[in-house]
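Heads up, the thing below is written out as structure tokens.
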Amino acid sequence: MDLVLIFISAAIVNNFVLSYFLGICPFLGVSNKLDKALSMGAATTFVLVLSAAVTWLINNLLLIPNNLPFLQYVSFIIVIASLVQFVEMFMRKFTPPLYRSLGIYLPLITTNCAILGLALLSALRNYNFSQSVVFGLAAGVGFTLALCIMAGIREELDLAPIPEPFKGAPITLIVAGLLALAFMGFAGLISG
Amino acid sequence: MIVVLTVIGLVSGGVLAIVYQWAEPKIAANQVRETDAAVFKVVPGTKSYNTVAKDGLTYFECLDESGGKLGTAILCQGNGYQGVIKLIVGVNADFSKFTGMSILEQLETPGLGAKISEAVFQAQFNNLASRPPIEYVKGVAPSKPNEIQAITGATISSRSVVNIINKTIEEWLRVK
Amino acid sequence: MKKGLMFEFLKGLWDESPTFRQLLGMCPTLAVTTSIINGFSMGIATSFVLLCSSVIVSLLRSVIPKEVRIAAYVVIIAAFVTVADLYLKANFAGISKALGPFVPLIVVNCIILGRAEAFASKNGIVPAFVDGLGMGLGFTIALTVIGAIREVLGSGMLGEPWVIMILPSGAFITLGLLIALMNVIKDKTRARPAPACPLACPGCSPGGVS
């Protein structure tokens, strides 16, 4: 039950992108086409789940028992960078079309604050292993959700007469603002 | 290649260890100061306290300057409207009344639920009867000694606070 | 040479503003600008990390092998972020709490990695320092301005409080409007989100944000 709560909370009520502002850079950059959004979301979710697991292991089996909490940021980011590298190699070998379609956005997942943010939040809230992994999965789902909704809207928006200064980032941000407002409607879902 | 990375890693690690040595006592002192402030606020007159952590509950037995038992400050947390609410509540020595309440962390709606952090709302818990379990009323002034008035437009946040406190008190009475 | 340095410094403040033109570092920009002091503190913390890591990266640029440069940069950046974080926790506990997890998230702030890859690794220490200074200052100014707008309008210093300003929505909308404004001022040319990846891994078309 507790895991379900974590899932709903991270995916919808406290959506990583729209509530916590994690993952904004790819959100602005990749959300203009639905298929790109979906593949980016999937790849990010994959990395999120893996990094949730590995960073939990490193934090709880290595850093905390040896009283080295100050090495958290350095070790987490190394884990994340390596995971992304590994995912890249995996995709290049086993799913080349997906790899090509994501292009330069794949290595960009390393700097996606959602990944590091998730590892840190998980450590901060003292989640156990399964809570961490579910949290990662939920964050990924929420991220993908936000990205796809945004892509759907932007594909329509492309056909609208937007004033020149607003094209691109400004209109995306304003739409995101409205989306964030809409998502606030989910707030009472998990109240005590 | 590996050599360079290893050297960078080791040097960084070393520098961080040194900075951590310097920072750690200060950070610990800050945390003690924070806990002190919270405890002294909800159990006025406390001069020192013993920290007890039992069965998932953390509470502080507050003593006055002669070591006499003044009351207890209990850490509570639970779900609010938009996130987790963490608060600390003080009860007097015979557990009949609350001596104060302070919201430590909350993510409620600014301007509405967030008002639970305001002094006006928290002051309602001074001298509030703790038995029977506390209740809230909307739109009218409280008529019973164990009632508080919910914040207008923030019923759920107010209700969450009441529920969190009641639940934690029940647990604490069993555990202590 | 002096003209060159001045240019390196000034570009971060306006022409190549990391926030309003390059659209880097969006996450902290939206998250911590709920007040002037928060925006300003985040700007300062980020500038500190940017300056230190730019200088170190520039210092070691001939020593770090190309294949592992991203890993090396990232370790260096993470180390300085840890220093900044510990310092804040020790001496400015209130601000540390307000900024929360976004202090450690400076590690993945694209501005820092971007400048390291695009500039510091290809220039001497003094230009790298000056570039970092300009970018950091530009970022700090942007955050402080956004924080000011959100705080003043959101707390009702000028009439009725616009609570939405403090909420995530307000952050998105304020930033969107400001970028549009920047676009208008800069001859209506649009700022594009930087798809240019600072990582520029072999096999990709070279990125780099500059």
Side-chain angles (χ1 to χ4, degrees), chain B residues 1-38 41 80-88 102-118 151-154 157, chain C residues 31 34-35 48-49 52-53 56-57 59-98 100 104 107 150-151 153-156 160-171:
Chain B
M1 203 166 87
I2 308 284
V3 174
V4 170
L5 275 185
T6 317
V7 168
I8 293 182
L10 287 176
V11 170
S12 309
V15 167
L16 289 182
I18 297 174
V19 175
Y20 185 65
Q21 296 279 47
W22 167 83
E24 223 268 321
K26 291 196 177 199
I27 298 176
N30 282 340
Q31 275 169 338
V32 170
R33 226 190 323 255
E34 247 185 78
T35 317
D36 276 1
K41 178 172 175 224
Y81 179 61
Q82 285 206 269
V84 171
I85 298 180
K86 290 191 187 167
L87 57 93
I88 186 171
S102 186
I103 300 283
L104 298 172
E105 278 176 41
Q106 50 100 341
L107 293 168
E108 308 298 279
T109 317
L112 292 171
K115 286 191 171 170
I116 55 175
S117 290
E118 284 177 12
I151 299 172
T152 318
S157 301
Chain C
T34 44
S35 73
F48 166 74
V49 177
C52 295
S53 40
I56 298 288
V57 166
L59 202 63
L60 299 177
R61 70 187 185 278
S62 43
V63 175
I64 300 178
K66 195 163 158 298
E67 299 81 8
V68 294
R69 70 189 189 289
I70 298 298
Y73 299 164
V74 141
V75 171
I76 294 171
I77 295 172
F80 281 117
V81 169
T82 312
V83 170
D85 185 49
L86 287 174
Y87 179 76
L88 279 176
K89 284 197 171 117
N91 286 343
F92 292 98
I95 294 186
S96 172
K97 257 206 159 150
V107 174
R150 288 180 71 192
E151 184 172 14
L153 290 177
S155 65
E160 272 301 308
W162 291 5
V163 178
I164 191 176
M165 277 294 154
I166 311 277
L167 299 173
S169 298

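Just so we're clear, the structure is a prediction, and the values are computed from it rather than from any experiment. By convention in this document, chain letters (A, B, ...) are assigned in the order of the sequence lines, proteins followed by strands, and residues within each chain are numbered from 1.
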By a 4.5 Å heavy-atom criterion (distance strictly below it), what part of Val83(C) contacts chain B: side chain, backbone, both, or neither?
-> both
Structural part of Ile64(C) lying under 4.5 Å from a heavy atom of chain B = both
Identify the heavy atoms of Lys89(C) and Asn30(B) that sit nearest to each other, and give their distance.
-> O-ND2, 2.8 Å
Does the side chain to side chain contact (heavy atoms under 4.5 Å, CB included) test come out yes or no for Ile76(C) and Ile8(B), once each step is laid out?
-> CA-CA 8 Å; Ile76(C) 294 171; Ile8(B) 293 182; 3.9 Å; yes
With only heavy atoms counted, which part of Val4(B) is less than 4.5 Å from chain C, the side chain, the backbone, both or neither?
-> side chain
If you tally heavy-atom pairs under 4.5 Å between each of Gly13(B), Gly9(B), Ala23(B) and chain C, the highest tally belongs to Ala23(B)
Contact part of Tyr87(C) toward chain B, heavy-atom cut-off under 4.5 Å: side chain, backbone, both or neither?
-> both
Reported CG-to-CH2 distance for the pair Leu86(C) and Trp22(B), which is rounded to 0.5 angstrom = 8.0 Å
Over 12 non-hydrogen atoms of neighbours within 6.0 angstrom of CZ in Phe92(C) | no
For Gln31(B), is it the side chain, the backbone, both or neither that has a heavy atom under 4.5 Å from a heavy atom of chain C?
-> neither
Side chain to side chain contact (heavy atoms under 4.5 Å, CB included) partner of Ser12(B), the single match among Val75(C), Ile77(C), Ile56(C) = Val75(C)
